[in-house]
Amino acid sequence: MDNHEVTMEKIVSLCKRRGFVFQSSEIYGGQSGAWDYGPLGIELKKNIQNAWWKEMTQMHDNIVGLDAAILMHPRVWEASGHVANFSDPLVDCKQCKMRYRADNMDQEALASKKCPACGGELTEPRAFNLMFKTHIGPAEDTASVVYLRPETAQGIYVNYKNIIQSNRMKIPFGIAQVGKAFRNEIVTKNFIFRTCEFEQMEMQFFVKPGEDEKWFEYWRGQRWEFYKKYGVCMDKMRWYHHEKLAHYAKDAYDIEYEFPMGFSELEGIHNRTDYDLSRHTEYSGKDMQYIDQDNGADKYIPFIIETSAGLTRNVLMFLCDAYEEQNIAGDGAAEDYRTVLHFHPSIAPVTVAVLPLMKKDGLAELAREIQNELKEDFVTDYDQSGAIGKRYRRQDEVGTPFCITVDYDSKEDGSVTLRFRDSMEQVRIHRSEIAARIREEIKSYKRT
Ligand code: GAP
């Protein structure tokens, strides 16, 4: 392997070193399946979330938002099928106590009932429910059981009638939601790819039965275009069509991304039919039919097309996709590598860094003044320590698309240098033009 290729180890190391992601409870040896987002990580995550939210709600007149509670009535999870069906088949080694997911194991090892690690005897596969169960109130009895939600979708289904009534929504329409979800995953590896606590960005689109296949195709197209719009290398994306479907689905595709460990699921687009709303009708006793006032009060249970993306998994995807170790040595010169994150400027944690060439002679004060002017519009950074080349490299490494350098001429004529992360080109502009120029550059950004 080319030793300048992206690997998970390099991503993990950069994330820790530059404050994107830290191990949860690190000083106690870490908590598996959980990660903390540092100053740059939270900016990146928030920007991805905002891009998705804008795409769904601002760009589609017929989609509204919701923020439902994590804790829901336990009957919700009986109705949804999660209590009965949301499980992985597990086998344990009786000798070394290793635990495996039977569906992910080498099938020969499973059939031989021998542990791949130590050769010890394996137990029979048994279903292990992935929902975290806890209790609400002082008594830990069956009446007080609650689950941490394993998907955000159910919060949307149980509110669908409230939203129709309060916001006068007419089919076809959608409800978007971003929030935490929890799964007691057995194998949590590959950094933030699969964790026990994670965030989802889900949109449920309610349609007339019979129109579901058309809308399913529409949403497949929309979700593909989203990643293209935000500069993801599309040759690292592909579709996976499910043959084995979840208990609620009529059809399902995943958008897969080629992570360092190989192609893996990034987002699912599912035709969930009328399964969820029919089940909630049955379990709650409330009528979940839609009354189509425009068509002679026609009544039906809508079909649902779901787009379900992992927000935290998207953070990992955008990091891997942006990462490059680039040889920037001039012709005939020795190798000179910089690490650069080619984030789309509207995803990048910091949009513009302001750098005074020198700390002295009033340049630092002038640079601060310019930074203050830009703060209202952009996330900014200020860095005055070290040689300017080193400072550019530091900004490249965290994906800052624009740097403004303030020098002696800036004092005289108000001009500054605008430096572009990807091309490393520099142009001279007047300080009064910075904000408008950056806005224009963000709008017309194309990844090279
Ligand atoms: N509501 C449908 C649903 O939850 P899913 O395929 O189980 O479908 C959707 O999950 C997305 O949520 C996945 O494509 C993935 O991006 C993210 N996701 C699921 N489990 C995850 C985990 N343990 N850690 C991080 N992200 C996860």
Side-chain angles (χ1 to χ4, degrees), residues 1-24 26 30 33-52 178 188-195 197-201 223 226-238 254-267 309-326 337-351 353 379 381 393-402 421-422 442 445 447-448:
M1 188 181 86
D2 169 3
N3 63 4
H4 291 289
E5 255 176 37
V6 53
T7 64
M8 199 60 92
E9 290 71 31
K10 288 179 186 176
I11 297 289
V12 174
S13 154
L14 175 77
C15 281
K16 175 160 190 196
R17 192 158 31 84
R18 299 306 308 271
F20 282 93
V21 181
F22 306 119
Q23 198 181 14
S24 162
E26 190 182 352
W35 297 86
D36 299 340
Y37 289 77
L40 294 183
I42 176 65
E43 293 293 342
L44 176 62
K45 180 150 73 75
K46 198 165 51 73
N47 290 344
I48 296 169
Q49 176 177 336
N50 289 345
W52 182 88
V178 181
T188 54
K189 57 180 184 185
N190 291 319
F191 193 32
I192 53 173
F193 179 81
R194 186 183 307 288
T195 51
E197 178 175 345
F198 57 100
E199 283 173 77
Q200 288 186 316
M201 306 185 284
R223 296 308 303 143
F226 171 80
Y227 293 109
K228 210 190 239 180
K229 180 167 163 184
Y230 286 95
V232 176
C233 295
M234 297 312 283
D235 53 0
K236 291 198 160 233
M237 291 270 188
R238 72 177 187 194
D254 291 341
I255 295 180
E256 293 189 333
Y257 179 79
E258 192 176 13
F259 290 92
M261 68 281 189
F263 274 101
S264 310
E265 176 183 345
L266 176 68
E267 164 160 2
L311 169 56
T312 41
R313 197 171 285 183
N314 259 271
V315 170
L316 181 61
M317 184 280 287
F318 275 105
L319 280 162
C320 295
D321 197 64
Y323 188 95
E324 187 186 13
E325 289 177 18
Q326 187 183 27
Y337 280 90
R338 69 165 180 161
T339 299
V340 53
L341 294 180
H342 297 282
F343 290 131
H344 188 285
S346 43
I347 296 281
V350 175
T351 312
V379 176
D381 189 14
R393 296 283 175 98
R394 278 206 288 270
Q395 295 298 335
D396 291 343
E397 200 186 35
V398 296
T400 307
F402 311 106
R421 175 198 66 203
D422 293 353
I442 295 175
Y445 180 80
R447 184 161 170 182
T448 45

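Looking at K10, its side chain does come within 3.5 Å of a backbone N or O of E5 through a donor-acceptor pair. A donor-acceptor pair under 3.5 Å is absent between the side-chain atoms of D422 and the main chain of R447, judged by distance alone. Judged by distance alone, the side chain of N47 and the main-chain N or O of A348 form a donor-acceptor pair under 3.5 Å. A donor-acceptor contact shorter than 3.5 Å is absent between the side chain of R393 and the backbone of R338.
Between Y445 and H344, the two ring planes are perpendicular [angle over 60°; tilted spans 30° to 60°].
A cation-pi geometry, defined here as NZ or CZ lying under 6.0 Å from the six-membered ring centre and within 45° of its normal, holds between R313 and F193.
Looking at D254 and L266, their side chains never come closer than 4.5 Å, going by heavy atoms from C-beta outward.
Shortest non-hydrogen contact noted between C320 and F259 is SG-CD2, 4.3 Å. Of all heavy-atom pairs between Q23 and W35, the closest is CA-CE3, 3.6 Å. The minimum heavy-atom distance between M237 and I255, with the atom names listed, is SD-CG2, 3.4 Å. Looking at every heavy atom in both residues, P345 comes nearest to I442 through CB-CG1, 3.8 Å.
Remark: K189 NZ is loosely packed, at most 12 non-hydrogen atoms of other residues, nucleotides or ligands lying under 6.0 Å away.
Using a cutoff of 4.0 Å between basic side-chain nitrogens and carboxylate oxygens, R394 and E397 are not scored as salt-bridged.
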For this session: Could you please spell out the steps behind the side chain to side chain contact (heavy atoms under 4.5 Å, CB included) verdict for I192 and V21?
Result: CA-CA 9 Å; I192 53 173; V21 181; 4.1 Å; yes
